[in-house]
Amino acid sequence: MNEEKALQRNFMTLEFASKSENESFARVTVAAFISQLDPTMDELSDLKTVISEAVTNSIIHGYDSNPEGKITITAEIVSDTVTITVEDRGAGIEDLDLARQPLFTSKPELERSGMGFTIMENFMDEFEVSSEPGSGTSIRMKKRIESKKALYN
C-alpha cells in the first residue's frame, strides 16, 4: 500500500432522535459515507445490517421506544478501514455478558430474536460493547473494506 493511501482519513458524526423511522435514515447515511471506499455489495449489506441492529437496540432497549432519546453515530475511515460507533444515553445494560448471549432478549413480549449482538460481531472484524446501567451503551465496530477496485486490478 502506498503512503498516500495509508494517510487517507475522513470522518462523520450523525445525531438523531430515537424514533424507529430514523433507523433507515441512519443506515442509508452511513452507507453513503462508506461508499467512498467502493465496498462490495456484500460489505455494504453487512454494514447496513449492523447499523440497523445497533440503532434498533438503542431505540428499543436503551430508550424503551421513547422518541425523546438521542442516538449518536460516528464513523471514521482510515485508509481501507471503517470504524463505526453507535451510542445512546439510555438505560444501559445490567448484565453485558448475558446480553451478548445468542437468543437472549430483555423484551420477549416484542418477539425480539436476541441475535443483534451476535450479528454485529459476526459481520465486523472487531466488535466492542460497553455499557453502564442508567448511563447508556456504546457499540464500536471496525471493518476493513476490500474495495471492488482492488478486486479487478
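- Summarising the local packing, CD of Glu126 is surrounded by more than 12 heavy atoms from other residues, nucleotides or ligands at distances under 6.0 Å.
- Taking CE of Met124 as the reference point, atom CD1 of Ile139 lies at 11.0 Å (rounded to 0.5 Å).
- Contact check for Val86 versus Ser138: no side-chain heavy atoms found under the 4.5 Å cut-off.
- For Arg89, the side chain to side chain donor-acceptor pair (under 3.5 Å) test picks out no residue, with sequence neighbours left out.
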*Go through the steps to decide whether Lys142 and Val82 satisfy the test side chain to side chain contact (heavy atoms under 4.5 Å, CB included), and finish with yes or no.*
CA-CA 6 Å; Lys142 197 176 225 182; Val82 62; over 6 Å; no

*asked:* Let's go through Phe33 and Thr29 carefully: what are the C-alpha distance in whole Å and the side-chain angles of both, what is the deciding distance for side chain to side chain contact (heavy atoms under 4.5 Å, CB included) to 0.1 Å, and is it a yes or a no?
replied: CA-CA 6 Å; Phe33 177 73; Thr29 302; 5.9 Å; no

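- For Glu128, the salt bridge (charged side-chain N to carboxylate O under 4.0 Å, His left out) partners at least two apart in sequence or on another chain are Arg140.
- The side-chain heavy atoms of Tyr63 and Ile71, taken from C-beta on, include a pair separated by under 4.5 Å.
- Considering all non-hydrogen atoms of both residues, Lys143 and Asp125 come closest at CA-OD2, 3.4 Å.
- Judged by distance alone, the side chain of Ser35 and the main-chain N or O of Ala32 form a donor-acceptor pair under 3.5 Å.
- Side-chain N or O atoms of Thr40 include one that pairs as donor or acceptor with a backbone N or O of Glu43 at under 3.5 Å.
- When every heavy atom of Met120 is checked against every heavy atom of Phe127, the shortest pair comes out as CB-CE1, 3.5 Å.
- To the nearest 0.5 Å, atoms CG (Leu44) and CD1 (Ile34) are separated by 7.5 Å.
- Taking the side-chain contact (heavy atoms from CB on, under 4.5 Å) definition, one finds that Glu23 meets it with Arg27, Ser52, Val55, Thr56, sequence neighbours left out.
- Ala54 approaches Met141 most closely through the heavy-atom pair CB-CE, 4.5 Å.
- Once rounded to the nearest 0.5 Å, the distance linking CG of Leu37 with CG of Asp80 reads 7.5 Å.
- In this view, Asn66 satisfies the side chain to side chain donor-acceptor pair (under 3.5 Å) rule with no residue, not counting sequence neighbours.
- In this structure the side chain of Val78 never reaches within 4.5 angstrom of the side chain of Thr83, judged on heavy atoms.
- Residues meeting the side chain to side chain donor-acceptor pair (under 3.5 Å) test with Ser18, sequence neighbours left out: none.
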_Between Thr85 and Ile73, is the side chain to side chain contact (heavy atoms under 4.5 Å, CB included) condition met? List the steps._
CA-CA 6 Å; Thr85 304; Ile73 297 177; over 6 Å; no

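- Formation of a donor-acceptor pair under 3.5 Å by the Asn10 side chain with backbone atoms of Ile77 is not found in this model.
- Scanning for side chain to side chain donor-acceptor pair (under 3.5 Å) contacts around Glu76 gives Arg9, with sequence neighbours left out.
- Hydrophobic clustering (ILVMFWY, side-chain heavy atoms < 4.5 Å, transitive): Phe16 and Val28 are in distinct clusters.
- Asn22 approaches Ala17 most closely through the heavy-atom pair ND2-O, 3.0 Å.
- With rounding to the nearest 0.5 angstrom, the CG atom of Asn122 is 13.5 Å from the CZ atom of Phe117.
- Scanning all heavy atoms of the two residues, the minimum distance from Ser58 to Asp88 falls at OG-OD2, 2.9 Å.
- Here the straight-line distance linking atom NZ of Lys19 with atom OG of Ser65 works out to 12.5 Å at 0.5 Å rounding.
- Considering all non-hydrogen atoms of both residues, Pro133 and Ile93 come closest at CG-O, 3.6 Å.
- Proximity of Ile119 to Thr49: side-chain heavy atoms (C-beta onward) are separated by under 4.5 Å at one or more points.
- The distance from the CD1 atom of Ile84 to the CG atom of Leu47 is 5.0 Å, given to the nearest 0.5 Å.
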